[in-house]
Amino acid sequence: MNLSTIPVVRLVIQQLLNYGVHHIVIAPGSRNAPITVGLTTHKAFTTYSIVDERSAGFFAIGLSQQLHQPVAVLCTSGSALLNIYPAVSEAYYSRYPLVVISADRPTYQIDIGNGQTIRQSGVFSKHLISETSLLQDITHNQSAIIESNTQQLIDVQSTLQEVESQQKTIEKNNTKYLQKVLSEMLSQQGPVHVNIPLEEPLYDFHDQNDFVVERVKQPKNPQPKNLESVQSKWNESKRILVVVGTLSPDALDAKSISVLAHDPRVVVLHEITSNLHHHNFISHIDRVILPIEKQKNSQEIFQSLAPDLLITMGGMVVSKKIKSLLRSYKGVSHHHVGTDRPLDTYYLGVQYLQIDPNSFFVDLTSSSDSKANYQDQWLQLSRQREIAHNSFLANTPFSDLLVFDKIMRAIPKNYLLQWANSSPIRYAQLFPVPTDSQSFCNRGTSGIEGSISTAVGAAVGSDRPTLIITGDLSFFYDANALWNQNIPANFRLIVVNNGGGGIFRILPNAKETPGFETYFETKHKRTVKHMAKQYDLSYQSVRTSIGLRLALGRFFSKSNRRKILEIRTPSTTNDLVLQSYFKFLSEHSD
Ligand SMILES: Cc1ncc(C[n+]2csc(CCOP(=O)(O)OP(=O)(O)O)c2C)c(N)n1
């Protein structure tokens, strides 16, 4: 490998190897050249080149999501770093181990009028697990350091030996800082930032590779003290509501699923991103809850569905309806079971059981109480909705709602599904998803700026064919995601183009707001076609049901080309169809 003569580069590479950070996304620049060259010429690293740092950050998230490994993004100095912030905040709230490595100017060069220089240290502080700004090596280009009238790194009176001894201390401390940050990244699974001041010359290398890897593994959590008390609460409760947010596929083993599915006291409400599949679980939360709101005796029905124990698992929950319903159940005891951060989403005061959910369920048995009917109560509602849902969709005009129905039915086996914000993930929740698929969405911050880049990263990190379903604004926003050499041929992208932010039409009273089309919907007549050509993806466009049916077959067929399908839907009727759908569901409830 070509190792930089700047000592800190060696330390960084050593610790990345020790902490198992083997995938590095690199945005181009000069200040980061010493690190770039070291990483790209060392066999242990797989490196990816992406120009747009914002896209690079989300690409890294997609990789990490599929590889279940930490992934690093390396960038140069200046505003380059700031462009990674959206991905940092997503990684923070969705708990991805993202290592941001930024090359920086030496401290004495900041705020003196040098180009591509900003105050990099601490820019992401509020959304990081841990961070460090490493100390500058003083044996690298000592004369440049001494020349600066503001530098305080070297005492100009120092002897050579004193400088060398000071350098040793710097290296010892830098190693300590790197180890601290990377071990916190592993134990807490979240983003960290390593800022590295580098003095010129940046392009001096020697051929060297004598790294000895001392692998550090993710530490195991000790058994929590409150395990038995929560388990006995579980055993004593008569009506247990389990709400599952974002969860990795296979996070729950067969035993846990069986405990949850076959206990008549237990209702499981989950989302498409929970990656759970069982006929006794309820996967369409809004379909069940929203129609009740429209019924005369809604309060009575909601009270009859109240739990006495709420257990939550996983990350963020999409459904606003379940949030407001649970917030109304004052006094219910809420425990979050998992190793992710517990959130008091439901204002009930959450208690944290920090344990792998499977270790919680392993000692539990399903209740044999033949009088318990809590699960049945919810499942009956769910079955009613399913019948109404199917009969509504049999006669639905061409619209976003119908499009999602058709897409879901056409998805081939084993797809990796990526859902963009905001209406794609919300529509998706209304439909059954193929049970052999896996679903992901950037729900940490629910941003529209990185869904395609995340999907591209996921496609690279997974063996499965990948489909991203996005709205038009999110697509155009993150179109740079396609500026990427690594996209596999089995990558598929559907843009549901409703001519603007269709989600805003769905929000109550929004479309009557002054300036709605300009400032909210941001109506437009753009097409995806030119982007497809630009990035050499095969392109089809449809605007009818029949056209869609025919196009979906071709779209999913095997090919050596990546494909985009643009589906144009009528912006002014989409929201009306959705409203009629929920009205129909409530009219067909007991
Ligand atoms: C970075 C960012 N900016 C703004 C928003 C607010 N926002 C949420 S959804 C949305 C419109 C999305 O439009 P589109 O991608 O066309 O999808 P759809 O309208 O079908 O949801 C906007 C602007 C956001 N979530 N993230």
Side-chain angles (χ1 to χ4, degrees), residues 52-55 57-58 61 82-94 127 272-273 286 316-320 398-408 417-431 441-455 467-482 493-508 510-511 513 515-528 531 541 543 548 564-579 581:
D52 177 334
E53 286 85 5
R54 193 186 76 213
S55 179
F58 281 103
I61 283 182
L82 300 183
N83 285 289
I84 304 176
Y85 208 164
V88 167
S89 60
E90 177 61 35
Y92 182 76
Y93 288 108
S94 285
H127 296 95
I272 193 168
T273 46
D286 285 6
M316 296 289 192
V317 167
V318 179
S319 169
K320 283 186 184 163
F398 192 67
S399 57
D400 283 353
L401 185 75
L402 187 76
V403 161
F404 278 84
D405 182 41
K406 301 257 182 242
I407 293 172
M408 283 297 200
L417 305 175
Q418 299 275 332
W419 304 95
N421 290 303
S422 175
S423 54
I425 182 65
R426 295 190 183 280
Y427 274 113
Q429 306 253 61
L430 301 173
F431 297 92
C441 177
N442 284 344
R443 286 310 291 185
T445 58
S446 311
I448 61 165
E449 76 281 63
S451 306
I452 324 280
S453 298
T454 305
L467 168 66
I468 160 87
I469 298 119
T470 175
D472 40 286
L473 295 192
S474 312
F475 171 77
F476 289 115
Y477 200 141
D478 190 24
N480 272 356
L482 301 178
L493 196 160
I494 291 180
V495 182
V496 181
N497 186 349
N498 48 27
I503 186 72
F504 296 116
R505 284 189 179 266
I506 298 171
L507 303 178
K511 63 182 179 180
T513 313
F516 173 77
E517 287 186 355
T518 309
Y519 296 106
F520 296 86
E521 186 182 37
T522 49
K523 194 173 165 178
H524 66 86
K525 292 205 166 75
R526 302 179 82 181
T527 164
V528 170
M531 290 284 185
S541 167
R543 50 175 77 236
L548 178 59
I564 295 188
L565 173 61
E566 179 171 24
I567 308 172
R568 291 182 167 271
T569 62
S571 64
T572 50
T573 49
N574 284 327
D575 58 316
L576 303 178
V577 172
L578 190 65
Q579 268 174 24
Y581 167 78

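Note that ligands are numbered from 1 as they come in the structure, with each ligand's atoms numbered from 1 the same way. Because the structure is a prediction, the values reported are computed rather than measured. Position 1 is the first residue of the sequence, and the numbers go up from there.
For atom 17 (O) of ligand 1, the closest non-hydrogen atom on the protein side is Gly471 CA, 3.5 Å. Summary of contacts: the protein heavy atom closest to atom 19 (O) of ligand 1 is Gly502 N, 2.6 Å. The nearest protein atom to atom 18 (P) of ligand 1, hydrogens excluded, is given as Ser423 OG, 3.1 Å; this is a heavy-atom distance. Nearest protein heavy-atom neighbour of atom 15 (O) of ligand 1: Ser474 OG, 2.6 Å. When only non-hydrogen protein atoms are considered, atom 25 (N) of ligand 1 lies nearest to Ser446 O, 3.0 Å.
Counted by atom type alone, Asp400 and Thr569 present one or more donor-acceptor pairs between their side chains at under 3.5 Å. Side-chain contact annotation: Asn574 with Ser399, donor-acceptor N/O pair under 3.5 Å absent.
Contact annotation: for Asn498 versus ligand 1, heavy atoms closer than 4.0 Å belong to the side chain alone. Of all the heavy atoms of Phe504, the ones lying under 4.0 Å from any atom of ligand 1 belong exclusively to the side chain.
Inclusion of Leu473 in the set of residues having an N or O under 3.5 Å from an N or O of ligand 1 is warranted. An N or O contact shorter than 3.5 Å links Asp472 to ligand 1 by distance. Inclusion of Ile503 in the set of residues having an N or O under 3.5 Å from an N or O of ligand 1 is warranted. On a distance-only criterion, Phe475 and ligand 1 share no N/O pair closer than 3.5 Å.
With Ile506, Asp478, Ile448 as candidates, the residue nearest to atom 4 (C) of ligand 1 on a non-hydrogen basis is Ile448.
For Asn497, the side-chain hydrogen bond (donor to acceptor under 3.5 Å, both in side chains) criterion is met by Glu566, not counting sequence neighbours.
Remark: distances from the non-hydrogen atoms of Gly500 to ligand 1 include one below 4.0 Å.
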Side-chain donor-acceptor contacts of residues 441-451 below 3.5 Å, not counting sequence neighbours, with atom names and distances?
from	atom 1	to	atom 2	distance (Å)
Asn442	ND2	Thr454	OG1	2.9
Arg443	NH1	Asn421	OD1	2.6
Arg443	NH2	Ser446	OG	3.4
Thr445	OG1	Glu90	OE1	3.1

Begin from the C-alpha positions of Ser571 and Asn498 and carry the test side-chain hydrogen bond (donor to acceptor under 3.5 Å, both in side chains) through to its verdict.
CA-CA 5 Å; Ser571 64; Asn498 48 27; over 6 Å; no
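Under the 30°/60° scheme for interplanar angles, the aromatic rings of His127 and Tyr92 are found to stand perpendicular.
One distance of note links CE of Met408 with CG of Leu430; it measures 9.0 Å at 0.5 Å rounding.
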